Trainee: 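Dropping the structure in here first, questions after.
A note on names: the letters A, B, ... follow the listed sequences, proteins ahead of strands, and every chain is numbered from 1. Fair warning: this is a prediction, and the values are worked out from it, not measured in the lab.
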Amino acid sequence: MTHLAQDLAHKLACAFEGLGLDPALGAVSRAQKAEFGHFQCNGALAGAKAIGKNPREIAATLASSLATDSDIALCEVAGPGFLNITFSDAALVRQATQIAVDPRAGALILAQPRKIIVDYAGPNVAKSMHVGHLRATIIGDAIKRIYRFRGDTVWGDAHFGDWGFQMGLLIAALADEQPDLPYFAEGAEGPFPNQSPVDLSDLERIYPMAAALAKTDTGMRERARKATAELQAGRAGYRALWQCFVSVSQPTLEREFKALGVTFDLWLGESDADPLIPAMIADLEAKGLLQDDQGARVVFVHDKMVPKKDGSEGPNVPPLLVVSSEGSAMYGTTDLATIIDRKKRFDPDLIIYCVDQRQAEHFETVFRAAAKAGYMPREALDHIGFGTMNGTDGKPFKTREGGVLKLHDLITQVREKAQAKIDEAGVGLEWPASERSDIAHKVGVAALKFADLQNFRGTSYVFDLDRFLSFEGKTGPYLLYAAVRIKSILRKALEAGHRLGPMTTLEPSERDLILTLDGFEHALRGAYDKRAPHILADHAYSLAGAFSSFYAICPILGAETSVLRGSRLTLAQATLKQLLIALELLGIETPDRM
RNA sequence: GCACCCAUAGCUCAGCUGGAUAGAGUGUUGCCCUCCGAAGGCAAAGGUCACUGGUUCGAAUCCAGUUGGGUGCGCCA
């Protein structure tokens, strides 16, 4: 599989090299205007500086090197030294044909695949998911799919938040509320009842209450710390109770992931790393990394000292807190032990953490400690942060009632909106009810995911419910609509006995569509290298747009000749294939009709 | 106090190695369904790229500073 842009860049790179210049100058990009041709190369301008020559002369030399190339219809020097390149229709047709027969629609496979773990979503015990979890879930899922598609071996891990002080809080709060439960009896060894004494709604009521109380009530805080330490030390009653918390939380979380079409290869929890902690602490101690500090045991990871507000000096990066003064494992302890666990189980080349940007410093601390202790090199650990979700007022998002919007409610809303849209448009009234509701679900989830994935992950963004509920313009449903129309055409072609045929003469909109198809690999590589799914989302949108323009101008089934019809069917088929792959990599399912 | 991130059209956002007249969507104003699905297409209007200075033939992009906003800063995760 070759690509027009890549081949062109390669040819220009050779020409630059022939002039004694950096081959990287041969990079090309899609022309920004139709009159500039198909691609432009700006390397002559940058190269001119290096060897002190006129950029137009260099550009002219490059142009003459392409003059005899049969793929190039036109290559001209413009302005101060831009090179505008137009491909021949023969080259475009050849490229479209290649994509049409390639099962990967033009996407290459990595020459050197790696083993990668993607840590994403981060659901927690006792907390149902809200809109804030949306990004962590769907961005991580898209990253996983993109990496896997390009050839890496990838494990997605939910990294279930089932450990630490929050568990102690729940235990202490429940002990206050129902002290007679058998789990709380001193020295109780069990067996304990199979039936959980609480359900998720109990936990969701208890947890915020306990967390708030612990902020003001030192007694509550102490009881929770003690419970945390005892749970981690293995107190049977607490372990049994903790198991209940996990078992009532997990199914609800899995329901949400299923609705979003998100799956995990591993559902490991923070607790799974717990057994490794004692040995890890001993190891850190043996390596001389563990130090006593303010009653806790820490690993210092700073590289310099900086002045602090009280006038004293402190480390520029806070130390990793390994053992609290209560003797409990902390967030960072678990994360460090999880790295050891992952290394042991999977020996990954890279671990990607898809977690809120606000935790950047925490991960930096953990990664440095891991490198210092020799568990994983620093560059094999990467935190992919994303911004917070704000309301239209620019402040952290809240519903009108002032609470958080649950993910389940959001999904329900978009699905209902999609259902209403289908009903109102009167489409498919004769379709089975089950299919109509399935379509509504797919359309709704597509809207939800694309609204988020089209933004660069790094910055905070505004959560506007209306935007998520919009199905027009640059939205998920627009992409589905384009795909569904192609499916419909191909279905009708099949019924009428029309066949796909070789590509022939091209209209301008067809050339544009082919050039867009050609850019798939570039977009995929960008999304992969930058760990930024929005680059792929943008390509999918461009592709759907290029098809829609083509569709509006060029009749396919009603083409003037059967040769032309066959050619356009082939182009439509290639477009559909690539669009479906792109959507799948974004985690968006496409219905057959809508 | 220190550190990191951000500032682009009325609104929500793209802008890849610095490159030609800064792009989408939405909203506003037009036009297009006797013809493959109008959740669509075509077009117009709309920007001192927060501000100032610097580097460069050339800066939204790189550097410095200013202003405005966000986030974080050891015993929550």
Trainee: What interatomic distance, in whole Å, is found between C1' of B:A22 and the corresponding atom of B:U48?
Mentor: 13 Å
Trainee: Could you check whether A:Y551 and the base of B:C36 form a stacked pair, meaning centres closer than 5.5 Å and planes differing by less than 30°?
Mentor: yes
Trainee: Where the side chain of A:A296 is concerned, which of B:G19, B:G40, B:G74 is the nearest nucleotide?
Mentor: B:G74
Trainee: Tell me the partner of B:C42, counting only Watson-Crick (N1-N3 plus N6-O4 or O6-N4) or G-U wobble (N1-O2 and O6-N3) with both under 3.5 Å; none if nothing fits.
Mentor: B:G30
Trainee: Could you check whether A:Y481 gets within reach of a base, just the sugar-phosphate, or nothing at all, counting any heavy atom under 4.0 Å?
Mentor: base
Trainee: Apply the test side chain to side chain contact (heavy atoms under 4.5 Å, CB included) to residues A:L170 and A:Y207: give CA-CA distance (whole Å), side-chain angles for both, the deciding distance (0.1 Å), then the verdict.
Mentor: CA-CA 6 Å; A:L170 284 171; A:Y207 181 73; 3.8 Å; yes
Trainee: Among the nucleotides B:U71, B:A39, B:U17, which one has an atom lying closest to any side-chain atom of A:E472?
Mentor: B:A39
Trainee: Is it true that A:E472 and A:K421 make a salt bridge, defined as a side-chain N closer than 4.0 Å to a carboxylate O?
Mentor: yes
Trainee: Between A:H38 and A:N84, does any side-chain donor sit less than 3.5 Å from a side-chain acceptor?
Mentor: no
Trainee: Using a heavy-atom cut-off of 4.0 Å across all strands, would you classify A:D293 as base, sugar-phosphate, or nothing?
Mentor: base
Trainee: Under 4.0 Å, heavy atoms only, any strand: does A:A559 hit a base, just the sugar-phosphate, or nothing?
Mentor: nothing
Trainee: Taking atom types as modelled and ignoring hydrogens, do the side chains of A:S29 and A:Q40 form a donor-acceptor contact shorter than 3.5 angstrom?
Mentor: no
Trainee: For the side chain of A:S325, starting at C-beta, report the closest nucleotide among B:C75, B:A39, B:A20.
Mentor: B:C75
Trainee: At 4.0 Å (heavy atoms only), tell me whether A:T475 reaches a base, stays on the sugar-phosphate, or touches nothing.
Mentor: nothing
Trainee: At 4.0 Å (heavy atoms only), tell me whether A:H362 reaches a base, stays on the sugar-phosphate, or touches nothing.
Mentor: nothing
Trainee: Quick one: label A:D464 by what it contacts on the DNA or RNA (base, sugar-phosphate, nothing), any heavy atom closer than 4.0 Å.
Mentor: nothing
Trainee: Could you tell me whether A:R491 and A:E495 make a salt bridge, using a distance below 4.0 angstrom between a side-chain N and a carboxylate O?
Mentor: no
Trainee: For A:I422, answer base if it contacts any base atom (sugar-phosphate contacts may also be present), sugar-phosphate if it contacts only those atoms, and nothing otherwise; contact means non-hydrogen atoms under 4.0 Å.
Mentor: base
Trainee: Can you work out whether A:G79 or A:T388 has the more 5'-proximal nearest nucleotide on RNA chain B?
Mentor: A:G79
Trainee: Using O4'-C1'-N9-C4 for purines and O4'-C1'-N1-C2 for pyrimidines, with syn meaning within 90° of 0, is B:C35 syn or anti?
Mentor: anti
Trainee: Hey, is the main chain of A:V484 close enough, under 3.5 Å, to the side chain of A:S488 for a donor-acceptor pair?
Mentor: no
Trainee: Which part of the nucleic acid does A:Q357 contact within heavy-atom distance under 4.0 Å: base, sugar-phosphate only, or nothing?
Mentor: nothing
Trainee: Who is the Watson-Crick or G-U wobble partner of B:C51, with both distances under 3.5 Å?
Mentor: B:G65
Trainee: Identify whether any heavy atom of A:F36 sits under 4.0 Å from a base atom; if not, whether one sits that close to sugar-phosphate; answer base, sugar-phosphate or nothing.
Mentor: base
Trainee: Considering only side-chain heavy atoms of A:A46, which listed nucleotide, B:A39, B:C16, B:G19, is closest?
Mentor: B:G19
Trainee: Taking only the side-chain heavy atoms of A:K492 (C-beta and beyond), determine which of B:C36, B:C76, B:C16 contains the nearest atom.
Mentor: B:C36
Trainee: Which is true for A:V484 with a 4.0 Å heavy-atom rule: it touches a base, it touches only sugar-phosphate, or it touches nothing?
Mentor: base
